[in-house]
Each structure stands twice: as structure tokens, then as C-alpha cells.
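Below is one structure, written out as C-alpha cells; the observations come after it.
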Number of protein chains: 2
Amino acid sequence: MRLLLVEDDRLLAEGLASQLEKAGFSVDITRTAKEAVILGEQEEYKAGVLDLGLPDGNGLDVLRKWRSSKATFPVLILTARGDWQDKVNGLKAGADDYLAKPFQTEELIARLNAIMRRSEGRVQSSVKAGRFELDENRQCLKVDDGSEHSLTGTEFRLLRCLMGRPGHIFSKEQLMEQLYNLNESPNENIIEAYIRRLRKLVGAETIATRRGQGYLFNDAV
Amino acid sequence: MRLLLVEDDRLLAEGLASQLEKAGFSVDITRTAKEAVILGEQEEYKAGVLDLGLPDGNGLDVLRKWRSSKATFPVLILTARGDWQDKVNGLKAGADDYLAKPFQTEELIARLNAIMRRSEGRVQSSVKAGRFELDENRQCLKVDDGSEHSLTGTEFRLLRCLMGRPGHIFSKEQLMEQLYNLNESPNENIIEAYIRRLRKLVGAETIATRRGQGYLFNDAV
DNA sequence: CACTAACCTGAACTCTTTCTGAAAAATACC
DNA sequence: GGTATTTTTCAGAAAGAGTTCAGGTTAGTG
């Protein structure tokens, strides 16, 4: 779950990032409008959190540039308390939601999940597919027969990505982008290694390979 | 732009509806949870506005019933001022946004546009011809009888070319140009080889040969 | 009717991608 | 500081896609 956080207050940014990472996101931070535009256009994020007050430009301009390019990930904007006009302008510029400072991180996470769920075309809050169900809170996998298996962080994030859209083919590159941010980018074989482990849990036939294209979660099994 | 407004306060509902209609929406109003569930499941709405306080049931239950059926349109929920728990519950139940009462209609409209834009953002492209349909996303071939067959990259590109213009004759040279760039130019027999493979999938009569001219996809079969 | 060019066919070959098991490195936990 | 867990890397094996080839068929032509 890759996320772009655009926030110039370094302390706030890093505090938020650490909490978001605990919630399973992989966070890139930038403090300038200029860099935000470039990152948003070039990288593949699942969502963006955008502070409107930036040192080198207006956050709304960043948003507009994203929207006029191919950066279509959902964006949540952070506004000063009660700044009514900013909200409406932001929503008109293509934002998907806003949050007024100060806010609780819990709410930020809930809202991010909501806008991402929507953008992924998923409407249910629990991730179910086929005979399996992913428990977001306990980070474990439940099977139809009542059995349960706990997952490591990476296993969980990868499986959530696949199960979030059963039948959809995810390329290895896409999966890499979901699991890792700019700083960390291990060998692409890592995906194969994790796919193998997941297959041991859910059965080999449940995660199908489309050679040259990617992997998909097969919920029809 | 059809919209479902679930609100038990008749005065508020009608005032809102009239403003939403000015903004270009076509609004259905219902005042009960029971009717809301039925309407949401049976009609085709672009979005829903849902008040959580209803006389005959909780709005969240309505939302959950929609989400567990095929009612996947984006939903904005209306909550009492500052009712923090309702918001999070609503978002978790699959709502796309919320608005605390009292609110300005301008903001409601801006937010509705935001969530609709997002939900429409996904376009699934597919090519249909005869009894067959080509799924661009999953790179697979679907047949009328419900069966499905995944394709390799080259199979897919060739078939998409032919199915993109049923009845049109493509010469082998044209097909070569579609499949390969200047650097790679294999033996022209490669086309014959792939045509053969495709015929095994769609039936020999579906791809006709025009000796000396080329091949065509026959959608009249 | 015989000839030829175009097309069909099945199998073999090459090359790339993916799988696999194990081991090394990093990290978290006590 | 040591141990357990998790993440990452590696290299050989296996599988699959792409391509070629040799020979068989067929449709058109004079």
C-alpha cells in the first residue's frame, strides 16, 4: 500500500509516517510542491495525503497538476481548521476527501481506507475472496473450515493486494510498488519467493501465474 | 445523474432535493430504511445520500445491506454534528464520505461530485465480436457459454487486432507490423503458426483465410 | 490436369520467465 | 548479547512462450 505524504512540517510528517507504516502503508514523504508533482506523476501510489500549505507553492496547484497528468490516485487534503473555502476548492480540484487539522491519526487511516477502497472498486471493508478472509486487525488469514493462520507483514500486504481484487492480474512491478517505497527496492525475485510462501498457505491453485503478465488471486476455486 | 436521498426530515429532504436538482441531479427521496434498501438494490443510482438517523432502523444497516447486494454506487452519509464514532463506522461499512449536520448544500454537491468522479474513474475496456469477448484487463478470451481462456501476449495482440475489425482482411504483412517492431522480424510463418493456435480456441471457421490476401475474423458464425 | 505459390500442421528447438530449496542478511524479541 | 523470526538473495531446475522447420494440403491458374 504505497502512499505519498506531502507535508512540510518535518516533525508532523515523520510522526504521521511512522503511524501510517504501522497501519501497513509504505510511505514516501516530500516537503516541497515541486517534488510532490514529480513524485505523483512518476510513481505509483495508492493514495496521497496533501497538506495545502507548502513553502514553495500551493497544494491545490500540486493537485491540479496531478489531475491533469496521469496521477489519478485518490487524494486526501489536510486543511487548516474551519477553512471552508479550501475544502470546496480542494474537492473541486479533484480531491477525494479532506481532513481539518488537528485530527486523529485513526480518522486519517479510516478515511484513507475509504477512498482507496472506492478507487479500487472494492466496497466491502473486510477482504474476502473465495474460501478465504483476511483479518485486517489481527493480520491473519481465516479459512472457510475455521482454521486460521497468522501472517508476517510482507505476506499480509502482498496477500491483501491480491485478494483485494480477485481475478485481477498484478504484474511483479505493480506488486513491488505496493510493497516497497523509493528507498527500499530489493531484487524482483522477492515477489516470486513470497508468492511461493503464500501458495503454501492457500494452495497453489489459488494464486495463478500468468506468465509474462503477473499473478492473480483465483477466488473461483 | 440519478441520486437516492434517504432522509426522514421531510422539510430538509425536499429543500435539499430542490437544490440538488438545480445542480443537475435527478433525485429520488425515501424516508424509511426499508424502502431505501429496496430502492438501492433495484434502481440504478449514480450516488446515494444517507442520513443515519432513520425512524425505522439504522442507516448503517441500510448501507451494509446495499454493500452486500449489488448496490455499489458511492454513498455519502449524513451524521449528527461531531458524532465521531458514526463517521468511522460509516466509512468502515463502506461509505465513501460523510458530512456533519448542519452543512452547506454547496459542500454536499462538491463532495458528491468528488465521490462520483472517483467511482466512475474505472473503465473496463473489452472488444466484442460474434460469440467472443476479449478482456483487455485480464488478457483473456470469454465465450458466450461463459467459458474463459487466458491468452499469451502474442496470441492476445493478434486476436485483438482481428477482433477489433471483424470482417476486415488483414494481410500477413499488416499483422506482422502489429506484432513486431523494426528490430525483431521473425519468419512470416509465425503468423500462420499463431493463426493455427487461435483457431484451436475459437474454431477454425471463425478465422477465415483469404488466400493471397490475408485473414479475417468472422463474427457472423 | 498439372503446376505452383500460398497455406496448414505437428513437432522440435531456443530463449526467457518462473519455481524452488536453501542459505545469508537483516530485524525483532527476550 | 544471543536467539528466533522475517526478509532477501542466489543458483540450478522446470516450465512455458516464441520461433523455426520440413513436409503435407489446398486453391488458383493456364
Side-chain angles (χ1 to χ4, degrees), chain A residues 1 18 21-22 24 26 139-141 149-162 169-218, chain B residues 139-141 149-162 169-218:
Chain A
M1 288 289 217
S18 103
E21 276 164 4
K22 276 184 194 158
S26 171
Q139 206 168 101
C140 70
L141 178 73
H149 200 292
S150 69
L151 300 170
T152 74
T154 312
E155 286 170 353
F156 177 76
R157 283 178 289 153
L158 180 53
L159 192 52
R160 177 173 57 186
C161 185
L162 293 171
I169 298 172
F170 293 91
S171 72
K172 263 192 288 205
E173 291 73 22
Q174 286 176 316
L175 295 172
M176 286 293 287
E177 283 171 5
Q178 290 305 310
L179 297 186
Y180 305 98
N181 59 28
L182 289 175
N183 304 324
E184 18 169 38
S185 49
N187 192 314
E188 278 207 354
N189 181 257
I190 192 75
I191 298 294
E192 294 166 25
Y194 270 102
I195 289 285
R196 172 154 174 71
R197 258 179 256 179
L198 291 179
R199 278 178 174 156
K200 284 183 177 169
L201 289 179
V202 299
E205 69 289 353
T206 307
I207 299 177
T209 304
R210 288 281 177 278
R211 189 164 260 258
Q213 304 171 63
Y215 298 93
L216 65 94
F217 192 92
N218 188 354
Chain B
Q139 208 167 102
C140 71
L141 178 73
H149 199 292
S150 69
L151 302 169
T152 75
T154 311
E155 286 170 354
F156 177 77
R157 282 177 288 153
L158 180 54
L159 192 52
R160 178 173 54 189
C161 185
L162 293 171
I169 299 173
F170 292 91
S171 72
K172 262 192 288 203
E173 290 73 22
Q174 285 177 316
L175 295 173
M176 286 294 285
E177 281 172 16
Q178 292 298 316
L179 298 188
Y180 304 99
N181 58 28
L182 292 175
N183 305 324
E184 19 169 38
S185 45
N187 193 314
E188 277 205 356
N189 180 257
I190 193 79
I191 298 293
E192 295 168 24
Y194 270 103
I195 288 286
R196 169 149 178 74
R197 280 183 213 183
L198 291 180
R199 278 177 173 158
K200 282 185 177 169
L201 288 179
V202 299
E205 70 288 355
T206 307
I207 299 177
T209 304
R210 287 284 177 276
R211 187 167 262 258
Q213 304 174 63
Y215 299 91
L216 65 93
F217 192 91
N218 188 354

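Throughout, a chain's letter reflects where its sequence line sits, starting with A, and its residues are numbered from 1.
Checking the phosphate oxygens (OP1, OP2) of C:dC7, a side-chain nitrogen or oxygen of B:K172 falls inside 4.0 Å. Remark: B:T152 is not in phosphate contact with D:dG16, judged by side-chain N or O atoms under 4.0 Å from OP1 or OP2. The side chain of A:Y180 places an N or O atom within less than 4.0 Å of a non-bridging phosphate oxygen (OP1 or OP2) of D:dT8. The shortest distance between the side-chain N/O atoms of A:T209 and the OP1/OP2 oxygens of C:dC19 is below 4.0 Å.
The main-chain N or O of A:R210 is never found under 3.5 Å from a side-chain atom of A:Q213 such that the two would form a donor-acceptor pair.
When each of D:dT20, C:dC19, C:dC8 is scored by its nearest atom to the side-chain atoms of A:E192, the top-ranked nucleotide is C:dC19. Residue B:Y215 has its side chain nearest to C:dC7 when only D:dT20, D:dT6, C:dC7 are considered. Considering only the side chain of A:R197, D:dT7 comes nearest among C:dC7, D:dT9, D:dT7.
The interatomic distance linking A:E155 (CD) with D:dT5 (P) rounds to 13 Å, in whole Å. Residue A:I191 contributes atom CD1, which lies 12 Å from atom P of C:dC19 at whole-angstrom precision. Atom CG in B:L216 sits roughly 13 Å away from atom P in C:dC7 (whole-Å rounding). The distance between atom CD1 of A:I190 and atom P of D:dT8, rounded to the nearest whole Å, is 5 Å. In this structure, OH of A:Y194 is placed 8 Å from C1' of D:dT8, rounded to the nearest angstrom. What separates CG of A:N187 from C1' of C:dA24 is a distance of 14 Å, to the nearest Å.
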What's touching nucleotides 27-30 of chain D from the protein side, N or O pairs under 3.5 Å?
from, atom 1, to, atom 2, distance (Å)
D:dA27, O4', B:R211, NE, 3.2

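Contacts of B:N189 with the nucleic acid, taken as non-hydrogen atoms under 4.0 Å apart, include base atoms. B:F156 comes within 4.0 angstrom of no nucleic acid atom, judged by non-hydrogen atoms across all strands.
B:L175 contributes atom CG, which lies 8.5 Å from atom OH of B:Y215 (distance to the nearest 0.5 angstrom).
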Practice prompt. Go through the steps to decide whether B:E188 and B:E173 satisfy the test side chain to side chain contact (heavy atoms under 4.5 Å, CB included), and finish with yes or no.
Written response: CA-CA 8 Å; B:E188 277 205 356; B:E173 290 73 22; 3.4 Å; yes
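Side-chain N/O atoms of B:R199 and B:T209 include a donor and acceptor closer than 3.5 Å.
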